[in-house]
Amino acid sequence: MSQTPPRPVRVRFAPSPTGYLHIGNARAALFNWLFARKYKGVFILRVEDTDQKRYVADAEQDCQDSLRWLGLNWDEGPDVGGSYGPYRQSERSELYRQWAGWLLDNGYAYRCNCTPERLAELRAQQEKSGAKRGYDRHCRDLDLGDDIGPHVVRFKMPLDGETMVDDMIRGPIVYQNADLEDLVLLKSDGLPTYHLANVVDDHLMSISHILRGDDWIATAPLHVQLYKAFGWEMPPIAHLPMILSPSGKGKLSKRDQAFEESGVKILVQVREYRQAGYLPEAVINFLTNVGWAFGDDREIFTPEEAMARFEIEDINPAGSKLPFEKLIWLNNQYIQMTAPDALAEKIKPYLEAAGLVVDMDKLRAITPYIQERLKLLSEAPEWLAFLFKHEITINDPKQLLQKKMDAESTLKALKASYDTLKGLDDFSHEKQEETMRALAVQMGLSAGQLFGTVRVATSGQPVSPPLFQSMAVLGKDVSLKRIQDAIRMLEDMDD
RNA sequence: GCCCCCAUCGUCUAGAGGCCCAGGACGUGGCCCUCUCAAGGCCAAAACGGGGGUUCGAAUCCCCCUGGGGGUACCA
């Protein structure tokens with residue numbers, strides 16, 4: 001248990017709109033959000049759109065949609081405003097130019113007009129000769145004059161001494177300044193790199209704690225030095241562990257789209273989880289337990305319960321692969337916990353997407369019986385299409401045959417079922433089951449044999465929701481008609 | 001190559017010197033239940049990467065090695 005932070009908590013999630021919201025970024029957002037909510041702080045969405053080359057037009061919208069879907073609402077951001085705006089870096093470029101100028105004026109940075117060609121050549125040489133890589137500081141002490149053409153602004157990294165990054169999760173990390181580089185702060189297009197923008201914004205927006213991806217750890221000393229140069233106090237910082245690819249090769253964020261790995265679908269974008277039929281509550285619960293653990297041996301909990309226990313210091317520094325099989329299990333658990341009528345509403349769009357015309361009364365009636373069977377909402381059509389289609393098709397009459405049964409005995413069973421069911425005034429599943437069980441006994445068939453063939457006859461599938469509940473929803477007329485059709489089919493086959 | 005981070009069952013994790021011949025969950029196997037498929041119940045197999053220290057005592061602390069990961073861009 002750690003103490004309440006000394007100052008008002010203001011944390012930010014700062015995605016770059018270069019692609020749709022990535023599940024790894026979503027987890028970073030989640031941890032920030034959990035922390036902000038726990039301490040009654042402010043959760044800020046800041047769009048880091050300073051990379052014009054990789055900009056994707058609808059990425060920002062997708063990011064917002066995905067965060068909202070997950071329930072990670074922000075208090076300040078490009079759409080909702082706030083008193084520290086603007087929240088889109090492209091709208092703050094004048095600010096970065098000013099602060100870059102300040103660094104220049106005060107001797108903390110320098111202009112560099114090395115061409116991309118020279119830089120590429122330099123790199124090639126370094127690689128060939130095995131020398132240390134990175135910019136050779138060619139322009140650092142040059143007097144370039146006023147008219148130097150396209151140029152960047154680089155940070156003047158101290159040449160000796162050391163820089164310490166005090167990570168909340170890992171403790172102090174010490175770098176030798178001699179190993180560090182003079183990285184670019186302002187690009188030749190006048191826009192800042194992450195390094196400059198991030199430090200300027202975090203300070204100007206009064207960010208109290210920085211929670212960001214592990215991949216920033218290597219450039220953290222630059223950020224420390226920038227704060228120092230500006231004379232600003234650096235907020236406590238924590239680097240969140242990476243989400244690794246299940247293939248065991250690299251970080252997951254190198255992949256930008258769903259792929260399959262030994263039979264398991266690996267989803268990468270948050271929107272893919274939504275499409276696949278995961279419940280946002282399940283995804284949140286799942287993500288919370290990767291890199292951090294609820295403790296108490298509990299696997300299922302609400303965000304509020306997680307907040308009560310969440311501490312940055314408890315985050316596991318090791319990277320992890322997403323345990324997808326656990327997510328599927330969790331999703332089913334959440335589906336089971338959902339109130340049936342509410343679940344029916346959630347299922348509906350997936351049925352419609354499959355081209356079915358949904359009768360809500362039927363759907364509500366059957367939902368309680370597929371709840372424990374449904375792993376993903378997107379599987380609903382497989383389970384329920386037969387209820388909403390006028391016609392079902394049985395491709396091969398042999399599918400009607402159950403184990404140890406031939407066409408003749410199946411025909412007999414179907415005819416007897418037909419007569420039995422037809423005689424029922426009460427078509428409730430209880431009544432059906434009672435009489436059909438008696439019929440099975442009477443015919444010397446197992447329940448599995450008799451019910452199985454009726455199942456295929458009425459649903460067209462060997463696997464379906466419970467038979468009598470299904471027929472009750474289907475209605476007596478339709479059920480009987482389908483059995484009748486199956487009987488004809490068998491008779492035709494039997495020539 | 002150089003710098004940095006990390007290391008408990010297949011996977012996600014609990015464990016902050018004795019409570020651990022290491023606990024939970026998913027997955028896997030078996031049994032039970034059962035109209036199919038599920039769900040549910042019970043049981044089982046399954047891990048402290050290796051080597052040195054420190055200590056009465058190490059999964060827990062230190063060092064080395066190995067392995068994995070990140071960075072090395074006018075991308076974030």
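For clarity, every value in this text was computed on a predicted model and none was experimentally measured. What's counted below: heavy atoms across the whole structure, side chains too, no hydrogens, waters or symmetry copies. All chains are named by letter (A, B, ...) in the order of the sequence lines, taking the proteins before the strands, and each is independently numbered beginning at 1.
Nucleotide C42(B) is matched to G30(B) when pairs are restricted to Watson-Crick or G-U wobble geometry with both distances under 3.5 angstrom. The pairing partner recorded for U11(B) is A25(B), the criterion being a Watson-Crick or G-U wobble arrangement whose two distances lie under 3.5 angstrom. Base pairing of G67(B): its partner is C6(B), meeting the Watson-Crick or G-U wobble criterion (both donor-acceptor distances under 3.5 Å). Applying the Watson-Crick and G-U wobble criteria (two distances, each under 3.5 Å), G1(B) pairs with U72(B). Pairing for U36(B) is absent, judged as Watson-Crick or G-U wobble with the two contacts each under 3.5 Å.
Here the nucleotide nearest the side chain of Arg54(A), chosen from A76(B), A25(B), U36(B), is A76(B). Here the side chain of Gln469(A) is nearest to one of C26(B), C35(B), G1(B), namely C35(B). Counting only heavy atoms from C-beta on, Gln336(A) has its side chain closest to G40(B) among G40(B), U36(B), G24(B). Residue Ser320(A) has its side chain nearest to C12(B) when only C12(B), A14(B), C35(B) are considered. Checked against C37(B), C74(B), G1(B), the side chain of Arg373(A) finds its nearest nucleotide in C37(B). Side-chain proximity of Leu467(A) to the nucleotides C35(B), C37(B), C5(B) is greatest for C35(B). Across U36(B), G71(B), A38(B), the shortest atom-to-atom separation from the side chain of Pro466(A) is found for U36(B). With C74(B), A7(B), C4(B) as the candidates, the nucleotide lying closest to the side chain of Ala318(A) is A7(B). Out of C12(B), C74(B), G24(B), the shortest distance to the side chain of Val152(A) is found at C74(B).
Atoms CG (Asn316(A)) and C1' (C12(B)) sit 10 Å apart, rounded to a whole Å. What separates CG of Asp297(A) from P of C9(B) is a distance of 17 Å, to the nearest Å. Atoms CG (Asn289(A)) and P (G24(B)) sit 16 Å apart, rounded to a whole Å. Note: CD1 (Ile243(A)) to P (C5(B)) measures 21 Å, nearest angstrom. In this structure, Phe286(A) places its CZ atom 15 Å from P of U11(B), rounding to the nearest Å.
Note: Tyr369(A) and His429(A) have perpendicular aromatic rings, judged against thresholds of 30 and 60 degrees for the angle between ring planes. Using bins of under 30°, 30° to 60° and over 60° for the plane-to-plane angle, the ring pair Phe310(A)/Trp292(A) lands in the tilted bin.
Taking 4.0 angstrom as the limit, Ser464(A) places none of its side-chain polar atoms (N or O) nearer than this to OP1 or OP2 of C37(B). Taking 4.0 angstrom as the limit, Lys187(A) places none of its side-chain polar atoms (N or O) nearer than this to OP1 or OP2 of A73(B). In terms of phosphate contacts, Thr50(A) brings no side-chain nitrogen or oxygen within less than 4.0 Å of OP1 or OP2 of C75(B). Here Lys375(A) reaches the OP1 or OP2 of A39(B): one of its side-chain N or O atoms lies under 4.0 Å away. For C75(B), the OP1/OP2 oxygens have no side-chain nitrogen or oxygen of Gln89(A) closer than 4.0 Å.
Taking every heavy atom of both residues into account, Pro235(A) and Ile207(A) meet most closely at CG-O, 3.4 Å. Nearest heavy-atom pair, Leu467(A) versus Arg455(A), reported as atom, atom and distance to 0.1 Å: CD1-CA, 3.6 Å.
Distance check, rounded to the nearest 0.5 Å: OG1 of Thr193(A) to CG of Leu183(A) gives 7.5 Å.
The base of G24(B) sits with one of its N or O atoms less than 3.5 Å from a complementary donor or acceptor on the side chain of Glu299(A). Evaluation of atom-type donor-acceptor distances gives a pair under 3.5 Å for the side chain of Arg455(A) against the base of C35(B). Within 3.5 Å, no donor on the side chain of Arg298(A) pairs with an acceptor on the base of U13(B), nor the reverse.
The existence of a salt bridge linking Arg97(A) and Glu94(A) is confirmed by a sub-4.0 Å separation between a basic side-chain nitrogen and an acidic carboxylate oxygen. Of the charged side-chain nitrogens involved, at least one lies within less than 4.0 Å of a carboxylate oxygen, so that Arg309(A) and Asp296(A) count as a salt-bridged pair.
Within 4.0 Å of Glu382(A), counting heavy atoms only, lies no atom of the nucleic acid at all.
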